[in-house]
Structures are given as structure tokens and as C-alpha cells.
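Lettering of chains follows the sequences in order, A, B, ..., and the numbering in each one begins at 1. The structure presented is a predicted model; accordingly, all values stated were derived computationally and were not measured.
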Number of protein chains: 2
Amino acid sequence: MESDIATPVKGRPREFCVDKALAEALHVFWAKGYDGASMADLTEAMGITKPSLYAAFGNKEALFHKALDLYESEKLEYTRAALQQPTARRVAEYYLRGGVDVHASEGEPQGCMGLMSSLACSPEAESIKADVIRRRASSQRALVERFEKAKQDGDLPAHIDAEGLTSFLYAILQGITVQAGAGATRAELEKLVDTSLALWPSA
Amino acid sequence: MESDIATPVKGRPREFCVDKALAEALHVFWAKGYDGASMADLTEAMGITKPSLYAAFGNKEALFHKALDLYESEKLEYTRAALQQPTARRVAEYYLRGGVDVHASEGEPQGCMGLMSSLACSPEAESIKADVIRRRASSQRALVERFEKAKQDGDLPAHIDAEGLTSFLYAILQGITVQAGAGATRAELEKLVDTSLALWPSA
DNA sequence: CGCTTTCCATAACGAGCGGTATATAATGTA
DNA sequence: TACATTATATACCGCTCGTTATGGAAAGCG
């Protein structure tokens, strides 16, 4: 198979940047959710017409999955960086403060794109929901392993259940995004993080 | 103004029970969310036609608010009972175990009706969202006062911030409903509750 | 009985949805 | 210049949505 990079195309060149358009689509999906974002909303924000969107991205569902890829690789980068922190407590702190940064930052939509889309319930959004749940499960599995290692490292008490602690940390994170979506201020969310970390088990 | 109870009406009597129909509507809204529940879904489950629904309940939005009233008075009764528990820890335990009971019970929809409706994002659901947020804020205020009292009673350390602890408890509860909606088993949720209670501050 | 009132059933409304057919404009190739 | 190829622009499709107008059925009242 030949190289796909910088292949000169034959027909009329497209007049918009695909990456820019996808970033705009992400912003719309993030703010309004999968069902709430209409094709009219998307095309207006992306600055293109519907046929261009369909030619470039397939359909609304395919566009959403690509937007979700972008969301994970850019906005949820902190969840991967968190795993490399030296202690379980530092992992948790990185997770929670990163969650507040991303989901309660000014100029960005409030709340979590994955969370609101996983709760969307139009009949055609079932595959969306399944996708989000699958990604979340994969992310949670990595966290369980990280906490198992922390127990071996001795920075978590041996009696702690790694799966329970992972569910616990995710619950706090989900609470942060829910409360952010409900209009909680950044100060309130930081107080929530401080309280959670104060209760975190010591070695 | 005269009494409204048992007034004999003049016209043709309705052929369905309003309370029964409302309970069915609640079930549909709970399972599918405000946007996801169509009038066709509702009328089919309620066993009535659309004109009957409009005559009895007004419109879809009014029906939802009445269903939400029923949900709060029946399904969220445990949140009021929780406040009367003798210690802060018992309050928290009542809250969390009650949350698992209601939102992960077999035969009922998985997840929290208020949470999924507060994240619904159709343009006409803005007042729904505002209503849910207002009810939640009122409920949270009562919990803050309960924890302030607990500090005076001495069953919470004085250095604990009551608002932060309330946000924390609500975050766990929201995490429970999110994870229940994503298909978590009851055993997993109970492990989450056990972990959370193990970290709860001691006096 | 006729009259009024209220409810039920059918069918339709306008609006918005995701998706597309058609025609035209802009490029590379020959 | 002529052709093939691809992108854009406009208008439209079938469908579902929440909501309502219309006609008939069932009750109390005189």
C-alpha cells in the first residue's frame, strides 16, 4: 500500500480544515451532548454545509466517535499522566485536580462530554452509550492495576480493596463533572477535592 | 372556596386512574429521561390517548414535573429519613445504602431520574434542568446543616468543612447513580459504599 | 326526552430532525 | 481546450416530534 501522506488529489480541493472542523464539532457535542447537538448546530459551528460534513465524516454518529477520540486524546490526557505519579495519593490528586481543570475551566463547556453522552437516551444513541462505557471500563482497569501496584509498593494499606478504591475515585470524579454541569464554582469543586484527599487512606 | 374533595362531576367520567397513569409516566421518564421519553412512549405505558393526557396533565413538561414530585416523595424519601440518623456517619451510611437500594434495584430503571434529566440538553428541557438543580440545592442545604450540628455534637472532627463533606457525600451518591446507569452490579456498588464509609472521618 | 358538560378516538398540524439528490464550481490531466 | 474528478450550494426527502382540532360517546340535570 502506498503512502497516504501528502498525496496530491485530483478534484476540487476542500475549502475547510478537517481538524479545525472536528475541533468545533467536539465543542458542540461537549456543550450539548449527542442528542442535543443538531446537524444545524454542527454545520454552523464548523462553518461548512451538510453535504461537506457527510463527505468528510460519514454521518453524525461517525462524527461523534471522531470527536470523542479527540476529546480523549486531548482533554483526558491527564488520566494517563496520572497513572505515572509516584504514589497512590499523588495519582488520586492528579486525577481529581485534572478533572476540575478540564471540566470546570472557563471558555470550555461545563461538565463531562462522556458522562452526558453516556446518559443520552435517544434510541439511536445506544452505540454511543456502549462506546463510552467501554472506554471508561478500560480506563478503570488501568487504575485498578495501578492501585494493586501501590499496595505492593507499600503506599496503600494492604486491607484496601483496589477495585473499591477505583470505583470510589471514579465516583468522586463523576460527582465533580455532575456538579460542574450543574453550575458549581471552581472554588466549590476544589473544596470537594480537598475534602476527598483529606480522607484518602494513608500508608 | 368550597371543598375540592369528592365533588360529584357533571360530565362523562374518565376511564383511567390519574395516580396509576402518573406512576406509569414516572417509570417511563425514569427509564428514558425527559427527552428520550416520547409522547407515544408515555401514552402507551399509561394506557391512555394523547388528548386524555393533555386534558389531565397539561403537557409533557407539566407531566414531568408531577412525575418528579412523585419520584421525590416516594423514591427519595430515604434522603429525609437519613437526616434523622443519630450520627454523621449513620447519616452518610443511610444516604449511600439508600441510594444503592433505589437506583440499582431490580425491576426499576437503573440510574437516577433527576441526574439523567438534569443532563438532558434539548432546548426545551432548560426549565427541567433548572428545577432539578433547585431541588438538589435545597436537599444539599439540609445536609450541610445536619453536618454542622454533628460537629457541635462532637461526632464529626471540628476541622471538617461541612460544605465540603456534603459535596463529597453527594459526589459519591452521584457516582453510584452514574455507575448504576452504566450497568454496575449491586455488589460492585456495595463495595463502593463500603470503601467510602471506611474512609469516613471518625470523631 | 333534550341539554350541557366532560371525556375518548382519529386524524391531522407545523416544525424540526438526520440524511440526500441535483446542479454548479473548482481543480488536475491530457 | 475538453474531460474526469471532487467539493460546494440549494433544495428537498421521509420521518418523528409535541400539540391540537374535530366528531362522537357517556354521564348528570331539567
Side-chain angles (χ1 to χ4, degrees), chain A residues 2 4 6-22 24-25 28-29 32-67 117 120-129, chain B residues 2 4 6-22 24-25 28-29 32-67 117 120-129:
Chain A
E2 311 178 20
D4 279 348
T7 49
V9 287
K10 306 220 305 196
R12 172 178 175 176
R14 64 161 48 98
E15 299 175 355
F16 65 95
C17 169
V18 173
D19 292 338
K20 275 280 181 191
L22 182 58
E24 293 298 327
V28 175
F29 278 131
K32 302 193 159 195
Y34 179 75
D35 292 322
S38 70
M39 295 300 296
D41 293 332
L42 291 164
T43 52
E44 187 187 3
M46 298 164 83
I48 62 179
T49 60
K50 284 199 271 186
S52 298
L53 189 154
Y54 276 81
F57 298 102
N59 60 9
K60 185 183 179 183
E61 182 174 338
L63 175 62
F64 180 85
H65 283 104
K66 286 169 184 163
S117 297
C121 19
S122 79
E124 68 264 10
E126 276 305 313
S127 84
I128 302 290
K129 191 171 167 179
Chain B
E2 310 178 22
D4 279 347
T7 49
V9 287
K10 305 225 298 198
R12 172 179 175 177
R14 63 161 50 96
E15 300 176 355
F16 65 95
C17 169
V18 174
D19 292 338
K20 277 278 182 193
L22 182 58
E24 294 298 328
V28 175
F29 278 131
K32 302 194 160 193
Y34 179 74
D35 291 323
S38 70
M39 295 299 295
D41 294 330
L42 291 165
T43 52
E44 186 187 3
M46 299 165 81
I48 63 178
T49 60
K50 287 198 264 186
S52 298
L53 189 154
Y54 276 81
F57 299 101
N59 60 7
K60 184 183 179 183
E61 182 174 337
L63 175 62
F64 180 86
H65 283 105
K66 285 168 184 163
S117 297
C121 18
S122 79
E124 67 265 9
E126 276 305 312
S127 85
I128 302 290
K129 190 171 168 180

Distance col, row B:I48:CD1 vs B:Y54:OH, nearest 0.5 angstrom, shows 11.0 Å
Write out a two-atom table: protein N or O, nucleotide N or O from nucleotides 21-26 of chain D, distance below 3.5 Å.
residue, atom, partner, partner atom, Å
D:dA25, N3, B:R12, NH1, 3.1

Using whole Å, report how far CG of A:L53 lies from P of D:dT6. 19 Å
Sorted by number, the residues of residues 54-64 of chain A with heavy-atom contact under 4.0 Å to DNA chain C: A:Y54, A:N59, A:K60
Write down the atom of B:A45, the atom of B:V28, and the distance for their closest heavy-atom approach. CB-CG2, 3.5 Å
Which distance, rounded to the nearest 0.5 Å, do you find between the CZ of B:F16 and the CG of B:L53? 7.5 Å
Between C:dG2 (C1') and B:K10 (NZ): distance, integer Å: 14 Å
On DNA chain C, check which nucleotide each of B:T49 and A:A37 is closest to and give me the residue with the more 5' one. B:T49
Taking every heavy atom of B:S127 against every heavy atom of B:H65, the minimum-distance pair comes out as OG-CE1, 4.1 Å
Nearest-0.5 Å distance, NZ of residue B:K50 to NZ of residue B:K60: 11.5 Å
Please give, in whole Å, the distance from C:dG18 P to A:K50 NZ? 8 Å
Rounding to 0.5 Å, atoms CD (A:E44) and CD (A:E24) come to a distance of 11.0 Å
Look at the side-chain N and O atoms of A:S52 and state whether any lies under 4.0 Å from the OP1 or OP2 oxygen of D:dA7. no
Length of the line joining A:E44:CD and C:dG16:C1', which is rounded to integer Å: 15 Å
Between B:M46 and B:A25, the two heavy atoms sitting closest are SD-CB, 3.8 Å
In whole angstrom, give the distance that lies between atom NZ of A:K32 and atom P of C:dG16. 13 Å
CG of B:D35 versus C1' of D:dT16: gap in Å, rounded? 14 Å
Atom pair distance, as rounded to whole Å: CD1 in B:I48 and P in C:dC7: 12 Å
Looking only at heavy atoms, what is the nearest atom pair of A:S117 and A:G33, with distance? OG-CA, 4.4 Å
Side-chain atoms of residues 34-43 of chain A: list all donor-acceptor pairs with protein atoms under 3.5 Å, sequence neighbours left out, distances to 0.1 Å.
residue, atom, partner, partner atom, Å
A:D35, OD1, A:S122, OG, 2.6
A:D35, OD2, A:S122, N, 3.3
A:D35, OD2, A:S122, OG, 3.4
A:S38, OG, A:A40, N, 3.4
A:S38, OG, A:D41, N, 3.1
A:S38, OG, A:D41, OD2, 3.1
A:D41, OD2, A:K32, NZ, 3.3
A:D41, OD2, A:S38, N, 3.2
A:T43, OG1, A:M39, O, 2.9
A:T43, OG1, A:A40, O, 3.2

Measure CG/A:D41 against P/C:dG16 and give the value in whole Å, please. 12 Å
